[in-house]
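Take a look at the structure set out below.
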There are 2 protein chains.
Amino acid sequence: MTTMVDVAKLANVSNATVSRVFSNPDAVSKDTKEKVLKAAEELNYELNVLARNLRRMKTEVIMVILPDISNSFFSKIVRGIESVAMKNNYKVLLGDTKNDLDLEKEYLKNLDQKYADGVISLTARIDAELIKEISDKFNMVLACEYIDEESIPTVSINNVEGAYKATEHLINLGHEKIVHISGPEDVILSQDRIKGYKNALNEYNLSVDADLIIEGDFSYKSGYNIMSKLIKFNKTPTAVFADSDQMAIGAIKAIKEHGLKVPEDIAVVGFDNIEIASIYEPSLTTISQPMYKIGVKAMQLLLDLMGNKKIENNKIQLESKLIIRDSCGYKSR
Amino acid sequence: MTTMVDVAKLANVSNATVSRVFSNPDAVSKDTKEKVLKAAEELNYELNVLARNLRRMKTEVIMVILPDISNSFFSKIVRGIESVAMKNNYKVLLGDTKNDLDLEKEYLKNLDQKYADGVISLTARIDAELIKEISDKFNMVLACEYIDEESIPTVSINNVEGAYKATEHLINLGHEKIVHISGPEDVILSQDRIKGYKNALNEYNLSVDADLIIEGDFSYKSGYNIMSKLIKFNKTPTAVFADSDQMAIGAIKAIKEHGLKVPEDIAVVGFDNIEIASIYEPSLTTISQPMYKIGVKAMQLLLDLMGNKKIENNKIQLESKLIIRDSCGYKSR
DNA sequence: CTCATAAATGTATTCGATTACATTTATCTA
DNA sequence: TAGATAAATGTAATCGAATACATTTATGAG
């Protein structure tokens, strides 16, 4: 294997100079630089990242922790993260927790071993204490999911507001019995959306019925199961607001299977605006989250953190938007 | 920062012994081990992976190169890869090429810098020469896409066979004018599927019309556009076999928009069996690929490669399966 | 042209763990 | 119990690049 020493010998300079050519080229004269690069070329030299990393005590790698990479919601965010990471010479390590809290913990804990310079976590389900503790030691950014903790940099939409918009839309269409299929209730994001849902009902003088708030897990299957049960037990609502497009589509599938129609019999609103939302039939009215942008912002925040830049605003809230399609119809009051 | 030297001092042993406790525990007596671990615990010592990596000239990281992580076909494979990687103490670096050949090249070329111990590439669109060259130097496995090169370990399904099954199914339902929306034709996988499509037609004494083979790029959009054009120019077929579920669904969308019905007017078969295939309406008849398993096998192969194990079979072919759903109906001959 | 200063390069140490080789200690055999 | 062998531990070199500090060379001011 060719090392800097070999290049230095051939170019007739010191290894320090060779190193400078690669890591701090401005400190080397033009002639020397050329000489070194030529020698490197000739020897097919490639810088050994392993050695650089040790010396610099940096990995140039960040880790992304998420519940499921095959969920397009998360993978879109990852794309945003990676694009910014790449431009800044960082690589992205994947930490798919498979929705397993132990795995989530393991990924986070091993960071002491310096296999990454920072983390972006798209999930925050383990105890807040631990998350806080880790974020005190490491460069960590939360995105999408978050915990109630002042000090941790976070990128997300305003979930209270998003849920409010979705619920309000249904109310404006004349619905009064609106089922809310929520995400896991120990996730603050879900709590916020429940808040938004309730706020909207209150605002429009509709009563809040705790039975109409049913906990799902964001998955297609849970939406399907919950809806099936509702219909089977004669608790069919006139409208459903689900915390993910997957659950919304699962619910629609169940509705159709029971011979009912969307939106004629039941109106459905989803959340996220993933790709299928526009392709599915009926196309899905939903609250869109700027996935790619969330990734971009999270990575930028992490770069600032890692560069020890001063963060002026560590809670970034991006815009969500109500996208009206066919799954709610235009039923009037 | 606490290092092995600190631990060694506290435990009153040499640093070599401390190292052994962590990397080769069997070589150390029980008493010493305990003493060392206690000291490490007390000092909150964490092994520095950076240093270990340099010394061992290993990263314990593999890289996965793919065209688009937000495409669920690829992300399912990644999950398979990651699960095996994790069990074997490898981490997974993400290389999303965004379908950009230059990026694909860049990821591959930088491997000389030793930032990964091996690669699994789910895309093989750059020139075969270069791929071959890289695979000679590095541990590399191709999965899904492949090139025509004896020596490179590859995991895939038999695409000729898969396409044959899809086409045969349509023929058995009585179709004679079957459009094949193929993948990019410079990808061998697409060529193989075209071969399978033609084989089936020949086998059943149907003529092969080159105009019926139209090149797409696997995307929803390309399926939609191709189908729209066909209908607009009065070249509507009675059946469509698309090289991806996305293109199939795009085609269905176009068909519906022109007031035609699937499967009544046009039967559609997809490829891959991604999640939407069963959820979409009509649910999609398709050729299923074992995505997760492809990932698993690819990673196992790579582990063998990296461990310098002898590979007895470097071309692994997994089973594809025809999944019959609603998008073809039961039209009889 | 000289001296002061800046730019370029070189020397040698360092990052922290691993490991070849050397030495000490324990275990076993006859 | 001596001597042989195995197990445990220690010493010191090593991985390859980065960098603090020292030295040399170039540049500019007067």
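All chains are named by letter (A, B, ...) in the order of the sequence lines, taking the proteins before the strands, and each is independently numbered beginning at 1.
- For the pair F22(B) CZ and dT18(C) P, the interatomic distance rounds to 9 Å; values are reported in whole Å.
- If you check every strand for non-hydrogen atoms under 4.0 Å, V18(A) touches nothing.
- Looking at heavy-atom distances under 4.0 Å, S29(A) makes contact with sugar-phosphate atoms alone, never a base.
- Non-hydrogen atoms lying under 4.0 Å from DNA chain C are contributed by nothing in residues 34-53 of chain A.
- Side chain of N99(A) to main chain of D217(A): no donor-acceptor pair is present (N/O by atom type, distance under 3.5 Å, no hydrogens or angles).
- The CG atom of D31(A) sits 17 Å away from the P atom of dA7(C) (whole-angstrom rounding).
- Scored by the ring pair (Phe, Tyr, Trp, His ring centres under 6.0 Å) test, Y45(B) finds F22(B) as partners (sequence neighbours excluded).
- To the nearest angstrom, C1' of dT9(D) lies 18 Å from NZ of K30(B).
- When the C1' atom of dA17(C) is taken as reference, atom CE of M1(B) falls 12 Å away, rounded to whole Å.
- Nearest approach of I147(B) to I152(B), heavy atoms of both residues: CD1-CD1, 3.7 Å.
- Rounded to whole angstrom, the span from the CE atom of M4(B) across to the P atom of dT11(D) amounts to 16 Å.
- Set against dA12(C), dT18(C), dG16(D), the side chain of N15(A) has dA12(C) as its closest nucleotide.
- Sorted by first and then second residue, the salt bridge (charged side-chain N to carboxylate O under 4.0 Å, His left out) pairs with a member in residues 100-121 of chain B read D112(B)-K137(B); sequence neighbours excluded.
- With hydrogens and angles left out, the side-chain atoms of Y90(B) and T59(B) include no donor and acceptor closer than 3.5 Å.
- Side-chain atoms of S23(A) come within 3.5 Å of backbone N or O of S19(A) as a donor-acceptor pair.
- Between D6(B) atom CG and dC15(C) atom C1' there is a gap of 14 Å when expressed in whole angstrom units.
- No donor-acceptor pair closer than 3.5 Å links the side chain of N308(B) to the backbone N or O of D304(B).
- At a threshold of 4.0 angstrom between heavy atoms, the contacts of T17(B) are confined to the sugar-phosphate backbone, with no base atom among them.
- Other residues, nucleotides and ligands contribute over 12 non-hydrogen atoms within 6.0 Å of the CG atom of N313(A).
- Residue-to-nucleotide proximity on DNA chain D shows that, of T32(B) and T3(A), the 5′-proximal contact is made by T32(B).
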Protein-nucleic acid N or O pairs under 3.5 Å, nucleotides 25-28 of chain D:
none

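- Closest to the side chain of R55(B), out of dG16(C), dT9(C), dT14(C), is dG16(C).
- Taking atom CG on D112(B) and atom C1' on dG16(D), their separation rounds to 16 Å, with Å as the unit.
- Atom NZ of K35(A) has more than 12 heavy atoms from other residues, nucleotides or ligands within 6.0 Å.
- Side chain of N15(A) to main chain of K9(A): no donor-acceptor pair is present (N/O by atom type, distance under 3.5 Å, no hydrogens or angles).
- Atom CD of E60(A) is separated from atom C1' of dA18(D) by 13 Å (rounded to the nearest Å).
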Between the protein and nucleotides 22-26 of chain C, which nitrogen or oxygen pairs come in under 3.5 angstrom?
none

For the pair D192(B) and Y146(B), evaluate side-chain hydrogen bond (donor to acceptor under 3.5 Å, both in side chains) and give the outcome as yes or no after the intermediate values.
CA-CA 11 Å; D192(B) 280 351; Y146(B) 40 89; 2.7 Å; yes

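- Proximity of S19(B) to the phosphate of dT18(C): a side-chain N or O atom is located under 4.0 Å from OP1 or OP2.
- Within the structure, the salt bridge (charged side-chain N to carboxylate O under 4.0 Å, His left out) test picks out the following pairs touching residues 55-84 of chain B (sequence neighbours left out): D68(A)-R79(B), R79(A)-D68(B), D96(A)-R79(B).
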